[in-house]
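One structure is given below, encoded as structure tokens.
Protein chains get the first letters and strands the later ones, always in sequence-line order, with residue 1 at the start of each. Source: prediction; values computed, not measured.
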Amino acid sequence: MLDYITSYLNSDTTPGSAGNMFWAFVYIILIFLGLSVAVIAMNWLERKILAHMQVRLGPMRVGPHGLLQPIADALKLLIKEDIMPSQADPLVFWVAPLMVVITSFTVFIVVPFGPTHAVTDMNIGVLFMLGVSSLSVLGVVMAGWASNSHYPLMGALRSSAQMVSYEIAMGLAVVSAVLMTSLNKDGTGTLSMIGIVQAQQSQQVWFIFKFFPLGLIAFFIFAVAMVAETNRAPFDLPEAESELTAGFHTEYSGFRWSLFFLAEYSAMIAVSSIAVTLWLGGWMRPFPNALSGETWDLVFSLVPGLTFLFLAAMTFYSTARMPKHPYFKVQTIGLGGFGAVLALIGVALFVPPVRDRIQDIFWFSAKVALSMYMYIWYRGTFPRYRFDQLMKVGWKVLLPLGIGVLVLTAIAGILF
Amino acid sequence: MISRLKGQHGSGIREANTYLGQKYVVADSSLIPELLQVLRDQEHFDYCVDITAVHYPDREKQFEVVWILYSFPRNERIRVKASYAEVESVPSAVPIWPTANWLEREVFDMFGIRFEGHPDLKRILLPDGWKGHPLRKDYGIIQQDQEWVQINLGIESGQ
Amino acid sequence: MTDRTTIDRTSHLELEHHEKTFLDSNELIINMGPQHPATHGVLRVILKLDGEKVLGTECVIGYLHRGVEKIAEHRTYTMFNPYVDRMDYVAAVSNGLGYCEAVEKLLNVEAPRRAQYIRVVLTELNRLASHMLWLGTHALDIGAITPLFYTFRDREEILKIFEKYCGARLTTHAFRIGGCSYETYDGFEREVKKFLDFVTPKIDEYEELLTTNRIWVERTKDVGKISAKECIALGVTGPVLRASGVKWDLRKAQPYAAYPDFDFEIPVGQNGDTYDRYIVRMQEMRQSLRIIDQAIGKIPDGPIMAKIPKVMKPPVGEIYHSIEAPKGELGYFIVSDGSTQPYRVRVRPPSFVNLQALDMMVRGALVADVIAVIGTLDIVLGEVDR
Amino acid sequence: MPQNYVPIFIFIAFIAVMLPVTLLAAKLVRPDNPGKAKLMPYECGIDPVDSSRGRYTVRYYIVAILFVVFDVETIFLFPWAVQFKALGAFGLLEMLIFLLILVVGYIWIWKKGALEWV
């Protein structure tokens, strides 16, 4: 038994490929926990960043700088009454949020946080991700239909039409990235998520910069489509607050509603992960070819620790700026403790064995975080599209653009 | 202009005067549809500012309906007034000025004056089943339709 | 002239009629409001939809009806003054100005020059505040959340000035019949000047966020179009009329208060769509700033109240007086029977009349446009329902 | 490598157990006192006029059908993209013909107005 557990540690492949289900399970739990933390952090960050964009402070009361606000919200949602409309279809109503959450979580099985840091490495990883993530539209439609109410129905119909339309543009963009993976010596591409990153590694370029500007355009198509797929501003029509009150989840309340919330954020992280894997070089550090060599490797490997130390320093600065009043004593101590934890993590990241194993995850997460920041930024800046304009963008702009980019990439691939 | 109107309609114009610099015409109720049409088409009063009514319970013809008109080309206002008894109905101005639609509905709602030829004359501010017309002088200020309140709101009194 | 009669597309929804053939898609009937985030209060719009397309609308109003006109008949002229603030509660000062001037006309008195200047300053500040609130909520309806916070931040400064002047922020009751009841506080002029310097770049900031924003332009251009003819036929006034290309502003057409003394432009649009209305209101904000800037420098000295009797008994007669409120023509029709109480007060609410155009403006458009048009009409339900 | 696919089922099973357990746990701690008005479908405080289970506008179905066409097309592109270099110019030419047929169809639906919404 113990052999079975330890044997994996020496292998340099994912637990799924190694056939080690114990470690697969450990990874699953880690991903589950990490995702929950990420969603909580996203919740807090979104509210904070949006607030600062809008000249307000955001959550400030629960915990220092509102750090505990998402937890308070989660608890509140847990003990909130759950209402199921009397005319709703109980089974479908019950299953819909589960459906959405399961699909948006399952995607993370194939997300490669590092060359070995994935639950499994499927040879059809990209297709799996696209397929599973587009299943979530089913949950949305189920939710809207089961509610038996007009606003959710409209939200569900909008959402299905919208997700379906952008799926095509997304698929075309992905094809052109997959096409790039086959441009190596043996002439065979791959659909495996890890394989795609390795292809970028061996071609010494992030696919976003390949055949400039073709890679960039493909990435742009994907970036637009992924915002639309996740129903976020400016494509948040299915839950357009000012039109449909809350769209497909109007009738959901309490914990069931929070599942939709959870699914939305994890879907955002999931599609961002796809984008990072396909175009932004996955777990690769920035400038792998321009700034190569031992020294640069060392410099970049110090970045994770420095980042955490910087965050810790900022936290300590905020701690020092806390009002000096007995009333704030607990909060000040809490914030200081939080800073200390960050600093500890930062220091731990300097230790060579940890440093080497964590680096990949750090770079991957940093890229995903950047993409998440863009999501928040869009929300703070853009008005909402109208439905016909949304369909126009999907069908009449992105689709021809996607086909064009694909063809041009193929021609460029033959020529160069 | 007033003299022209008087020349055209003669005895129909009971009074045409200015008060505090504002022109007004008191017309015979039978003359109203014609007069309003003439005011719009020939005198260019193209904008109907307001239609309202005043209740004089002591008079023989209780309601005085007031049309306040404005002319963009001439930049002047005129008030047309006519008296109606409770049983009489007023010709609707909707074919002349579409804006009269809601204004007349409000007059109907508040005074119970019926407008002949209005496309959709029903209550506008008060609920459909409400009894009484609040802006009549015999409707007390705290009076309300107790029955309606009880049935629809399930409370004893809305006050 | 005669073709104006053709515009009679006003609500006949016939909700009861439901003749369906086998292949017809369901016409969905949806209630938008009264409890809806984007109907600016308790407006209920019954929408008849085919998918996303609006086949017809019907407004149901009256949820906020308080019988202001009835109350007026049971209050003295002075006592009724605070009530008018509660109609268009985001532009309470304008309401007060209209009412006070109407009664002053009835009494045949005129407010002193100083009072009139103060009135102009406060009314224009209030116009700014009203337009700011409109901009924030309108942008929010269209999905841009950030301008709301910017405009509320800046509106706050105006409310602070009001608070310092008369102690109230929203329902100010700033004017009295015959003038103003409060002298300006120390540093009033300085603070207003400071506010002007503060707010001018802020308006540029709003424009930066929206005017050239592609999504904003797409969402507002050619949405809710209304021509000048239709506006006049439907009695629509204010910025909506001006955006359709009619250069008509009561401050210029039939000047009141101290407006003839000031130099300002009437911004007009061309297309009469939501974008033009947005541009017109933005320009109006700048013009208001201009008026305030001119007025604040030369507020004359003198009394702030005219000589008016303690017990007001206007002579028998009637008056209609209207002013250019932020939403359009706000008129008061007051009938006096010679007693201390008005015999009848009729308010001509701009929001109420403008709202009537909603149905015409959104037919054949999409659901999202209904929201945009409700926002662009800039209605306040307190005034629609009174 | 079939063992690569096993974790999917572990994952789904894990979440499918976790979520209902949390939902049931929430059921224990949350209040539950439904009322008639509370259980009504939300329609801005007004009783809904008719059921929302009716026929809906055909445009959504058109989009669904178009989606099937184009998504299947994308799926066909994947194998070609993976073997792109190996298939070479010939493969590209064949794919261009395939795409051309689709683009003709696409232009046709555009001209037909299937992509319009108002």
Closest approach of [X] to [Y] (non-hydrogen atoms, all atoms of both residues):
X	Y	value
A:G171	D:F78	O-CZ, 4.3 Å
D:V82	A:T190	CG1-N, 4.1 Å
A:K80	D:P31	C-CD, 4.4 Å
D:L66	A:I168	O-CD1, 4.5 Å
D:A26	A:L78	CB-CD1, 3.7 Å
D:F84	A:A410	CZ-O, 3.0 Å

Side chain from CB out, backbone as N, CA, C, O: work out which of these in [X] comes under 4.5 Å of a heavy atom of chain D, or both, or neither.
X	result
A:P400	both
A:M180	neither
A:K396	both

Heavy-atom pairs under 4.5 Å with chain A - which of [options] has more of them than the others?
options	result
D:V29, D:I8, D:V103	D:I8
D:L102, D:I109, D:L96, D:N33	D:N33
D:I75, D:L28, D:T74	D:T74

>> Between D:F9 and A:T106, is the side chain to side chain contact (heavy atoms under 4.5 Å, CB included) condition met? List the steps.
In response: CA-CA 9 Å; D:F9 302 106; A:T106 309; over 6 Å; no
>> So D:M40 and A:S86, do their side chains get closer than 4.5 Å, heavy atoms only?
In response: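 Heavy-atom side-chain distance check fails, nothing below 4.5 Å.
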>> Do D:L39 and A:M84 make a side-chain contact, defined as non-hydrogen atoms from C-beta onward lying under 4.5 Å apart?
In response: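 Result no, sub-4.5 Å side-chain heavy-atom pair not found.
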>> Please classify the contact of D:L77 with chain A as side chain, backbone, both or neither, using a heavy-atom distance under 4.5 Å.
In response: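 D:L77 touches chain A through backbone and side-chain heavy atoms alike.
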> How are the rings of D:F14 and A:F25 set to each other: parallel, tilted or perpendicular (split at 30° and 60°)?
Replying inline: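 The arrangement is perpendicular - the two ring planes meet at more than 60°.
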> Can D:F70 and A:W395 be said to form a ring pair (Phe, Tyr, Trp, His ring centres under 6.0 Å), step by step?
Replying inline: CA-CA 11 Å; D:F70 282 96; A:W395 284 97; 5.8 Å; yes
